[in-house]
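Residue numbers start at 1 and run along the sequence shown.
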Amino acid sequence: MPRARLFLQRLRYQLQRLFSLIVALPMLIRHYGSLGNVIVKAFRVLRRQGLTGFRLRVAMFLHLARQSRGDQTDAPPPVPPMALYEIPDAPDFAPRVSVIVPNYNHAGYLRQRLDSIYGQGYANLEVILLDDCSSDDSRAILREYADRYPDITRVAFNTENSGGVFHQWRKGLEMATEMATGELVWIAESDDHCTSNLLAELVPCFANQAVMLAFCRSDFVEDGKDAPVWSTEDYLHDLCPDWRQPFVRSAHWLVNHAWGVKNIVANVSSALFRHPGRLPLLEDPEWTGLKLCGDWIFYLTLIRGGLVAYTPRATNFYRQHPRNTSVGAHGEDRYYQEHERVLRHLVSMYRIDQATLDRNRAALRAHWLRNRPDAPETGFDALFDPSRVRDAADTRRKNILMASFGFIPGGGETFPITLANLLKRRGHAVTFFNLREGHAVPGIRGLLDRDIPVLELDRLELTGAVCVDMGIEIVHSHHAWVDMTLAALLIGLSDIKQVVTMHGMYEMLPAEQIAGMLPLLEQRISRFVYIADKNLAPFSAEFRQRKGFVRIDNALALSEIRPIPRAELGIADDAFVLCVVSRAIPEKGWEEAIQSVAWARAHCQRDIQLLLVGSGDELDRLNRGDAPDFVHFMGFRANTRDYFASADLGFLPSRFGGESYPLVIIDCLHAGRPVLASRLGEIPAMLETGHGPAGALFDLEDWRIPIEHVGRLIADLATDPDRYRALLERVPAAAERFNPENMVTRYETVYAECFRTGDDASQP
């Protein structure tokens, strides 16, 4: 009987799911435009993500259906906050760890420290041994270990003392950056030691790309003694979460429940973190001059917008002795001044509850009364002033979730990366939400700055709970499917605003699909940004007025250009070279580009070569055939400007209906080259300078590329130096219009408008 009962229970559950899916079918049709589109999408998901991915997508739509009906009878139990984030099972995940050992006069502890590093059970590491002009035997010991482990060790000894430990941190991080080896960093202080499993326990946490820092428990030990005096559990007993259990939590949650009250990473040796790259904090003289709380500020900066992992299964031994700066300064003025500095930094970066700030100040005041009982309380108020903390809060910028269809080629996919990088550099907390549609291209992933957390959810229906937990205030999406999916998942969360940038997709959708999408867009989207006038076509003037449509032209960050030597490409220096950079799909005109160049070569005496940069099915198709010798298939390249700079002319023979404001035009202009392109979207305006275009344009003929006409244009530019020079001289004027700082400022204005109230809230 129990087996029969279990069978009936499972059957009932499956029937409930089937019924829910049938009920959800109108939503699916509205979401994708037609039943046919739903079926096509289902097969695509099955083909790309398998049965597991299909089940996850079904679960998301069942969640949306229940949400729209207000029906939770067959809903799975809610996920507790502690279980919102997972560490993926990734047995092959083994990133390089850069271990920085900053030493000053710790010869007596170095052997124990270094043995605990080189004896780690995790093998993929490099060790950077630093010495800050020690006067004891430290350097001899450091050289001994460097000679013992030469393949993974580098040394750098100062000839003069740097004046502070943070200068050494910066030096070690810069060395790791220059060598570009360590994805993760462990600053292992020279007088501490640890269990041999520290890295083996902490490294796997970073398989979740949103984890920015992971740390383990610490035992505080007295100088000369091995027995712990107190532990992490003792130190943090008054703060949640449960320090006896491993966890992954958002930086926002931890700051508001623990890190805003006390520095929960009491010793840097217990922590592993993602290499932040060129962190501006490292160049801040006020920070490098701190003696007590600089590490606290460092952690708060690293983790912003991301997740933090903790494990009690490894132990760091933090040695405390009379020479510890922090031990001897608890009664000094600077102790309270630096804590105010932490609070000012904290409120300038995080949306933090007043109760947390009050708790911090109360704990510090109690510390004052305990350590300076004879001093007047007015002295504490002079050292720690809440008004200065409140003033710093006025500079805080919004927490932004930048949502992307996937790490795949395409302007609508790479532009969110560009904007996320620029906003992060402006001081925003930015989390990049990868919805993982399509197979990730490592080169595209590599375009995102390494200090930006990447959020990926196996259960998209958790998006709302995750956004609340992470303190997200703005969700910014760039793809119609992503726009609609997130809008549906965020229903009811009115405090989280959603901004949409349209890259040309909406005007390609059927009218009936747009009509089905409008109610949800009306309900959830706070602002629409368009990049070309044609993006407006699907929307009425009234809708555009209500939703505050605003045009912001695309721009890209400037970068150093390193032209690819033509010899490496197998091209003569005197050849005339065209460069196509795009997704390798038929609509981008790769085949027509080859035909046009072939026509030009046949009708002039110039050697004309063609670079095709990009990936996709069209690359595979064309590369399988008998491609002419003048065609060079480069595949995907992240450094597209270097290829444009190696060529004479950018080439965009597109017949793609969604072409609006192609970013490759900007890349080509920033590389200093004119462009030959189809007259589509905003391309003519992008090339205009007031003295003529910085390139040549051609019209499509019934959405076909006129091969002979384009070939003649190529031949003329290849053989007429004066005509080509005229286009080349206009490039700087055209490139000047794409100022990334101006674009970011305009987006910041859009974000601010989302939080305006009153009758003028919809005005751009």
Side-chain angles (χ1 to χ4, degrees), residues 304-305 347-351 391-404 411-412 415-433 449 452 467 471-479 482-483 486-487 490 493-504 506 521-522 524-533 535-536 539 541 543-558 660-661 663 666 682 685-686 736-764:
R304 193 176 178 211
V347 299
S348 72
M349 294 193 302
Y350 288 89
R351 181 161 62 91
D391 290 344
D394 294 337
T395 65
R396 188 183 73 83
R397 299 171 186 262
K398 299 297 184 185
N399 299 337
I400 299 169
L401 185 74
M402 192 68 64
S404 172
F415 178 78
I417 296 175
T418 295
L419 185 57
N421 291 341
L422 292 168
L423 287 164
K424 179 71 174 184
R425 297 168 198 172
R426 277 280 185 100
H428 290 270
V430 180
T431 308
F432 198 88
F433 189 14
D449 285 352
I452 297 178
C467 285
I472 299 299
E473 295 162 285
I474 295 282
V475 173
H476 192 162
S477 51
H478 301 259
H479 183 284
V482 179
D483 304 341
L486 295 185
L490 297 174
L493 299 175
S494 59
D495 290 341
I496 300 175
K497 311 301 180 183
Q498 186 173 350
V499 173
V500 164
T501 294
M502 299 184 293
H503 295 270
Y506 280 91
L521 296 175
E522 177 80 64
R524 269 295 311 164
I525 308 304
S526 302
R527 287 291 184 277
F528 283 87
V529 175
Y530 64 100
I531 61 177
D533 290 343
N535 301 152
L536 302 175
F539 305 101
F543 182 84
R544 299 199 302 264
Q545 176 70 17
R546 287 194 302 274
K547 306 313 292 183
F549 275 57
V550 60
R551 175 167 175 163
I552 301 178
D553 291 346
N554 283 346
L556 296 175
L558 302 178
S660 293
Y661 208 94
L663 299 179
I666 304 174
E682 298 298 309
M686 295 175 73
E736 283 179 4
R737 297 175 48 239
F738 305 106
N739 185 319
E741 296 304 317
N742 291 343
M743 179 190 71
V744 175
T745 297
R746 297 200 65 195
Y747 270 108
E748 288 179 320
T749 300
V750 169
Y751 297 154
E753 288 169 353
C754 292
F755 293 90
R756 288 164 54 188
T757 58
D759 294 337
D760 63 341
S762 65
Q763 298 301 318

Between [atom1] on residue [X] and [atom2] on residue [Y], distance to nearest 0.5 Å:
X	Y	atom1	atom2	answer
L493	Q498	CG	CD	11.0 Å
H476	L419	NE2	CG	6.0 Å
T395	M349	OG1	CE	10.0 Å
R546	I525	CZ	CD1	13.5 Å
R746	Y751	CZ	OH	13.0 Å
L490	I496	CG	CD1	5.5 Å

Electrostatic pair E741:R426 at N-O distance under 4.0 angstrom
yes
Using a strict threshold of under 4.0 Å (side-chain N to carboxylate O), is an ion pair present between D483 and R524?
no
Do [X] and [Y] have side chains that get closer than 4.5 Å, going by heavy atoms?
X	Y	answer
F543	L521	yes
E753	R756	yes
F549	M502	yes
V744	R425	no
M686	F738	yes
R544	F528	no
I417	F432	yes

At their closest point, which heavy atom of [X] faces which heavy atom of [Y], and how far apart are they?
X	Y	value
I474	K398	CG1-CB, 4.3 Å
G504	S660	CA-OG, 3.3 Å
S404	V482	C-CG2, 4.3 Å
A555	M743	N-SD, 3.2 Å
T418	A557	CG2-N, 4.1 Å
I552	I531	O-CG2, 3.5 Å

For the residue pair F415 and Y747, categorise the inter-ring angle as parallel (less than 30°), tilted (30 to 60°) or perpendicular (more than 60°).
tilted
Among all residues two or more places apart in sequence or in another chain, which pass the side chain to side chain donor-acceptor pair (under 3.5 Å) test with H503?
H478
Look only at the side chain of [X] and the backbone of [Y], and say whether a donor-acceptor pair between them is shorter than 3.5 Å.
X	Y	value
T431	G305	yes
N554	L663	no
N535	A532	yes

Walk me through it: do R551 and D533 pass the test side chain to side chain contact (heavy atoms under 4.5 Å, CB included)?
CA-CA 8 Å; R551 175 167 175 163; D533 290 343; 3.2 Å; yes
Walk me through it: do M402 and I452 pass the test side chain to side chain contact (heavy atoms under 4.5 Å, CB included)?
CA-CA 10 Å; M402 192 68 64; I452 297 178; over 6 Å; no
Member of R304, R396, E748 meeting the side chain to side chain donor-acceptor pair (under 3.5 Å) criterion with H428
E748
Validate the cation-pi geometry between K547 and F539: distance from NZ or CZ to the six-membered ring centre under 6.0 Å, angle to the ring axis within 45°.
no
